[in-house]
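See below for the structure under consideration.
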Amino acid sequence: MPFRPIDLAREHGLSTQAVRNYERAGVLPPADRSAHGYRHYGERHAAALRAFLALLPGHGHPAATAIMQAVNAGDLPAALRLVDDGHARLAEDRRTLDAVRTALDHLPAADPPVDDPPAAPGTHIGPLAHRLGLRPATLRAWERAGLVSPLRDARTGYRVYPPAQVRELLLAEQLRRGGHGLARTAEILHRLRSAGSPEAVRPTLAAWQSRLTARGRALLAGAAALHAYLDHPA
């Protein structure tokens, strides 16, 4: 049976203009037109709209739109690549969460004592690089990448890493050995600073895990609705 734009809109709490916009954007296949120019949608359009709305929570608006555009243009391989990209991003985010958990578990329970002058408590770049098994040049590169911003000794001008930054760099080294790039490592350290300390971020890991689980289920729901649309007769 034919549907009017308002029929599709009401099913999902949308405006009729939104339905028309989705058709114009290629999210829906082109509608049939009556002799007077009125749009007539069918079951395939309804299935397309259900698929798009199911894809949104897991993929986001740009990717969900691109997936439907590719399907409606007859380019199924391109659509499936976009679906794969969404699952790949989720898998990468899961690996990041696992890396943060592992790195936190391997951090020392307390900061070691330091012998630096009272005016600039902390660790200088040479001893810190030795402790991490890195070259001082690597720590300077990490500084340029935004991982840390060491202090400067007022008397010598040398870099000084306070205890909190030492712990951050220990975590950064764990993440780097786990295969995470500088940009992702810097992002994780930013999250830790926002939480207040490495230990303070632990309560947020459960919420992070819940968000990933919800996203995983949303990707499954989107894939199921897309599969149903692909099987729908044209």
Side-chain angles (χ1 to χ4, degrees), residues 1-34 37-101 179-181 183-184 187-188 191 194 203-234:
M1 62 175 281
F3 297 102
R4 299 167 300 169
I6 194 170
D7 297 323
L8 293 185
R10 282 174 176 167
E11 180 183 353
H12 302 287
L14 302 171
S15 68
T16 55
Q17 186 58 51
V19 173
R20 296 189 192 99
N21 290 343
Y22 289 149
E23 181 193 346
R24 189 177 299 114
V27 168
L28 306 183
D32 295 329
R33 295 280 185 158
S34 71
Y38 295 116
R39 287 175 172 86
H40 285 166
Y41 297 112
E43 292 290 347
R44 180 168 169 75
H45 297 91
L49 184 56
R50 285 192 292 269
F52 173 68
L53 295 176
L55 289 166
L56 279 177
H59 291 276
H61 198 282
T65 299
I67 290 168
M68 295 303 297
Q69 288 172 335
V71 169
N72 292 326
D75 192 350
L76 182 57
L80 295 180
R81 280 194 297 271
L82 291 167
V83 171
D84 291 344
D85 289 344
H87 287 275
R89 284 191 295 271
L90 177 62
E92 177 61 25
D93 288 345
R94 290 191 192 283
R95 285 192 288 270
T96 297
L97 175 58
D98 290 342
V100 171
R101 284 175 170 152
H180 293 276
R184 180 58 65 90
E187 176 186 345
I188 293 170
R191 290 191 186 201
S194 299
T204 71
L205 297 184
W208 190 354
Q209 178 67 73
S210 294
R211 289 193 297 273
L212 293 181
T213 299
R215 202 163 112 218
R217 296 193 61 173
L219 288 173
L220 289 177
L226 181 62
H227 185 273
Y229 175 54
L230 293 174
D231 280 350
H232 204 286

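No hydrogens, no waters, no symmetry mates; every other heavy atom, side chains included, goes into these values.
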D231 side, atom CG; H227 side, atom NE2 - distance, nearest 0.5 Å:
4.5 Å
Answer yes or no: is there a side-chain heavy-atom contact under 4.5 Å between P29 and Y229?
yes
Side-chain ion pair, R95 and E92, N-O less than 4.0 Å
yes
Is the backbone of A70 close enough, under 3.5 Å, to the side chain of D75 for a donor and an acceptor to pair up by distance?
no
I need the N72 CG to I67 CD1 distance, nearest 0.5 Å.
12.0 Å
Tell me if the NE2 atom of H12 is crowded by more than 12 foreign heavy atoms within 6.0 Å.
yes
Return the minimal non-hydrogen interatomic distance between R50 and E11, and the atom names on each side.
NH1-OE2, 3.5 Å
Are L8 and L14 side-chain neighbours, meaning at least one heavy-atom pair lies under 4.5 Å?
no
Pairwise side-chain contact, H59 with F52, heavy-atom cut-off 4.5 Å (strictly under)
no
Minimal non-hydrogen separation, Y22 against H61, with atom names
CE2-NE2, 4.3 Å
How long is the straight-line distance from CG of L82 back to CE of M68, given to the nearest 0.5 Å?
12.0 Å
Between H45 and P30, is there a donor-acceptor pair closer than 3.5 Å when you use the side chain of the first and the backbone of the second?
yes
Quick one, L53 and L49 - any side-chain contact, counting heavy atoms below 4.5 Å?
yes
Heavy-atom nearest pair, T16 first then A9, reads N-CB, 3.9 Å
Taking every heavy atom of A48 against every heavy atom of L28, the minimum-distance pair comes out as CB-CD2, 3.8 Å
Short side-chain to backbone donor-acceptor contact, D93 and L212, under 3.5 Å
no
Could you check whether any side-chain N or O of D7 sits under 3.5 Å from a backbone N or O of R4, counting only pairs where one atom can act as donor and the other as acceptor?
yes
